[in-house]
**Q** 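Dropping the structure in here first, questions after.
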Number of protein chains: 2
Amino acid sequence: MATLRDVAKLAGVGSGTVSRHISGTGSVSQKSAEKIARAIEQLNYRPNSMARSLSSRRSDLIGVWVPSLEGPYYHMMIRAIESELRLQGKHMILANAEDAQSNEDRLAHLDYLINRDCDGILVSSSLQSEFELARYAEKFPNLVVINHRTDELAGRTFSIDHDLGGRLAARHLVELGHTRVATITGRLSAQDARQRHVAFLDEMERLGHPVAPERIIEGAFSYAGGESAVAALLTSGADYSAVFCGNDKVAMVLIAELHRRGVSVPGDVSILGYDDVEFTPFTAPALSTIHAPIEEMSRSACHQLLNLTYGLDLPYQEHFEPSLCVRQSTGPSCQ
Amino acid sequence: MATLRDVAKLAGVGSGTVSRHISGTGSVSQKSAEKIARAIEQLNYRPNSMARSLSSRRSDLIGVWVPSLEGPYYHMMIRAIESELRLQGKHMILANAEDAQSNEDRLAHLDYLINRDCDGILVSSSLQSEFELARYAEKFPNLVVINHRTDELAGRTFSIDHDLGGRLAARHLVELGHTRVATITGRLSAQDARQRHVAFLDEMERLGHPVAPERIIEGAFSYAGGESAVAALLTSGADYSAVFCGNDKVAMVLIAELHRRGVSVPGDVSILGYDDVEFTPFTAPALSTIHAPIEEMSRSACHQLLNLTYGLDLPYQEHFEPSLCVRQSTGPSCQ
DNA sequence: TCCAAAAGTGGGATCGGTTCCATTTTTGAC
DNA sequence: GTCAAAAATGGAACCGATCCCACTTTTGGA
């Protein structure tokens, strides 16, 4: 493989000139530029990215930490991030902490990114205590958090107003006449799950239809977690005309199980999801849900990370509002 | 940030000794090892990965090229690959060619990986002509292809026997008594889509129930492609008691649309998918499908790539067999 | 034509590891 | 206690860029 100095020699110029020509910084005369271009062509030269990184002290690598890669949620995030990064000529490396057993393990995944000398890091976490992000964020200024909000990290957290989301859910169901409403939540130790849940309960109460405790099932945002929560709900004996699910995956599992039992949706029970992931138009019936602008949030987080890391000035926004998205899985209460 | 030489100085040993201690190659006395460990601890030393890469001429980066990141298929692949790579201390960088407009664009995405000095590259492509992989593979010995089979690249292509898959589909439907069977295919320019389609048609014919041309819709393996293919099928006026869909995404779209129209699955029409992605147990009704061992294939491809690239000896297998996975979306023909 | 400012240039030092090699130290069989 | 083989060691050269700086050339206004 030809090196920059080979190019310089062949072109009959100094190595600095070639470097300047390639990186586009500094000035190079027309004549030199042509000679260099020719030499590059002739030698089939390609700059060595490691040497470049070492000497410029920038890896052009952005680390992305996700707690899981199951289901469409994080996929949508990664898809959005990858495309933003590519636009800026950066590369994403991924750490999926899904198989981590302990908190220590989870941090080890973060170290896996840091040890790789990422220029910046995107963390998608809704966990609070478990994972002392703040401590990391302090050591690592180019770290930004998606789907979480803390004041200590102002300007570096990107979030959706799940309080509003929870309330929109409650209002929608109540407007349809549902008074006996059940809910399956995510793990309540996660900020996003708790927030929407608490707001949902509060809004239901405010609207005069408090949710009875036996109608609340704490689940988890995974297919398996959804399955057991759904089973718990269906065997609990609780009665309800609508179920608000903490995310779309759980709603999908619930619809499938109700179908299996011959329960009609929304005829017998209305189902409302949350997130509005990729597949929501294609459940049967199509899932009514709270649209969370996951991709916009991810892109914003990415932009701001790039700004912090490379001194760019890309547009971004820290907080986003969810909106109601009515499809076919919710309907008027038939009581 | 402390450097290796700082560590050496503090520990009172030579830089070579520290290097050997860290990388675990070569021998270091107990006594030196302890002094070095202490110095590392004290200086909070972390090796610089770029310097390491430059001098060892290995980036520990594996590039992964995918044609799209929509839907669960490629995500399952990436999830499997990421976990294998992490096990070996390697990092994945991703190029999603989904937004590529032209063939040139697609190749540019590959170059994006190559320019990054990836040690090895995994390409997931089922496209034949469009994308002259062979030429790249020649220049780049550490390149391996997932979900494609070519003899020129023997030992470096990993595939599923979609011929068998197509036949299993036909047999299942015929065994259930279906004689009027429709099918929605993927783009037939893709090897995997064509293979299963051709085999399906052939097997149907062999079983005495050739598929009439008006019951064949060429679609694409995306939600949007699924939607238009489904619309085409439903407005075509063709009659059928079962539909074989080229992948699960399309099957899901079809189930949703049939639900909307009040058509019962499998009561009125049986639906058979292909791939057995993540969500198949959770459609309503749960999707019968041809299970394609995507994750195993991805892991094998990854293993072999690591073998080629780093001289490892991980177990792998080049070709995989699909199997029938019966759930609730297929049932006996009621004619 | 002159001259200061601007543009362009070459090459050496540097980034922080790995690797090689000549040299020293340790080991253990006799 | 001797000595050859094995283990351990230090340091210089190297990987291939970037970046700085002192120097030369070009530019254009007076």
Side-chain angles (χ1 to χ4, degrees), chain A residues 1-40 43-61 89-91 114-119 310-311, chain B residues 1-40 43-61 89-91 114-119 310-311:
Chain A
M1 201 68 218
T3 72
L4 180 141
R5 267 174 259 269
D6 295 334
V7 172
K9 204 169 297 168
L10 182 60
V13 301
S15 59
T17 308
V18 178
S19 176
R20 263 171 280 135
H21 174 262
I22 288 168
S23 60
T25 67
S27 43
V28 173
S29 70
Q30 183 73 28
K31 208 160 54 172
S32 298
E34 275 163 20
K35 284 190 291 181
I36 292 169
R38 209 154 7 187
I40 287 178
L43 293 171
N44 198 15
Y45 167 76
R46 210 167 41 70
N48 178 305
S49 71
M50 305 150 192
R52 187 193 286 249
S53 291
L54 176 59
S55 117
S56 67
R57 349 189 98 267
R58 93 162 30 170
S59 64
D60 288 327
L61 246 32
K90 308 304 175 191
H91 291 266
I114 292 180
N115 287 337
R116 188 52 175 153
D117 294 311
C118 291
D119 292 337
Y310 303 108
Chain B
M1 200 69 217
T3 72
L4 180 140
R5 269 175 256 267
D6 296 333
V7 172
K9 204 169 297 168
L10 181 59
V13 301
S15 59
T17 308
V18 177
S19 177
R20 264 171 279 138
H21 174 263
I22 288 167
S23 59
T25 67
S27 42
V28 172
S29 70
Q30 183 73 28
K31 208 161 53 175
S32 297
E34 276 163 19
K35 284 190 292 183
I36 292 169
R38 210 152 7 187
I40 287 178
L43 293 171
N44 198 14
Y45 168 77
R46 209 167 42 70
N48 178 306
S49 73
M50 304 150 192
R52 185 193 285 247
S53 291
L54 175 59
S55 100
S56 66
R57 348 188 100 266
R58 91 162 33 171
S59 63
D60 289 326
L61 246 34
K90 309 302 176 193
H91 290 265
I114 292 179
N115 287 337
R116 184 66 215 201
D117 295 312
C118 291
D119 293 337
Y310 303 109

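Below, chains carry the letters A, B, ... as their sequence lines are ordered, and counting in each starts from 1.
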**Q** Take A:D6 and A:Y45 through the side chain to side chain donor-acceptor pair (under 3.5 Å) test and state the conclusion after the steps.
**A** CA-CA 9 Å; A:D6 295 334; A:Y45 167 76; over 6 Å; no

**Q** Give the minimum heavy-atom separation between B:V28 and B:H21, together with the two atoms involved.
**A** CG2-N, 3.8 Å

**Q** Kindly compute the distance separating CZ (B:R116) from OG (A:S53), expressed to the nearest 0.5 Å.
**A**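 Rounded to the nearest 0.5 Å, the CZ-OG separation comes out at 5.0 Å.
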
**Q** Calculate, to the nearest 0.5 Å, the distance between atoms CE and CG belonging to A:M1 and A:L43 respectively.
**A** 9.0 Å

**Q** Under the rule for side-chain hydrogen bond (donor to acceptor under 3.5 Å, both in side chains), what residues qualify as partners of B:S49, not counting sequence neighbours?
**A** A:D117

**Q** Got a second to check how far B:N115's CG is from A:N48's CG, nearest 0.5 Å?
**A** 11.0 Å

**Q** Could you tell me, to 10°, how much the axis swings from one end of the helix from C:dT1-D:dA30 to C:dC30-D:dG1 to the other, five pairs per end?
**A** 20°

**Q** Checking A:S23 side chain against A:S19 main chain: does a donor-acceptor pair fall under 3.5 Å?
**A** yes

**Q** Please identify each residue that fulfils salt bridge (Lys or Arg N to Asp or Glu O under 4.0 Å) with A:D60, with sequence neighbours left out.
**A**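 A:D60 satisfies salt bridge (Lys or Arg N to Asp or Glu O under 4.0 Å) with A:K90 only.
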
**Q** Using a cut-off of 4.0 Å on non-hydrogen atoms, how would the nucleic acid contact of A:S15 be classed: base, sugar-phosphate, or nothing?
**A** base

**Q** Hey, what do you get for CD1 (B:I22) to OG1 (B:T17), rounding to the nearest 0.5 Å?
**A** 11.0 Å

**Q** Please give me the minimum heavy-atom distance between B:D119 and B:S59, naming the atom from each residue.
**A**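 So the two residues come closest at OD1-N, 2.9 Å.
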
**Q** I'd like the 5' and 3' limits of the part of DNA chain D contacted by chain A, with heavy-atom contacts below 4.0 Å.
**A** D:dG16 to D:dC19

**Q** Which ones in residues 19-40 of chain A lie close to DNA chain C, meaning a heavy atom under 4.0 Å from one of its atoms?
**A** A:R20, A:S27, A:V28, A:S29, A:S32

**Q** Can you tell me how far OG of B:S32 sits from CZ of B:R20, rounded to the nearest 0.5 angstrom?
**A**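 Between B:R20 CZ and B:S32 OG, I get 9.0 Å after rounding to 0.5 Å.
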
**Q** For a quick test of reading the model, state the closest non-hydrogen atom pair linking B:G12 to B:K35 and the distance between them.
**A**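 Closest approach of B:G12 to B:K35, heavy atoms only: O-NZ, 4.3 Å.
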
**Q** For chain A and DNA chain C, what are the first and last nucleotides along the strand, 5' to 3', with at least one atom under 4.0 angstrom from a heavy atom of the protein chain?
**A**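 Taking any atom under 4.0 Å from a heavy atom of chain A, the span is C:dA7 to C:dG16.
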
**Q** Which comes earlier along DNA chain D counting from the 5' end, the contact point of A:V18 or that of B:V13, where each point is its nearest nucleotide?
**A** B:V13

**Q** Can you tell me how far the CZ atom of B:R52 sits from the CG atom of B:L4, to the nearest 0.5 Å?
**A** 9.5 Å

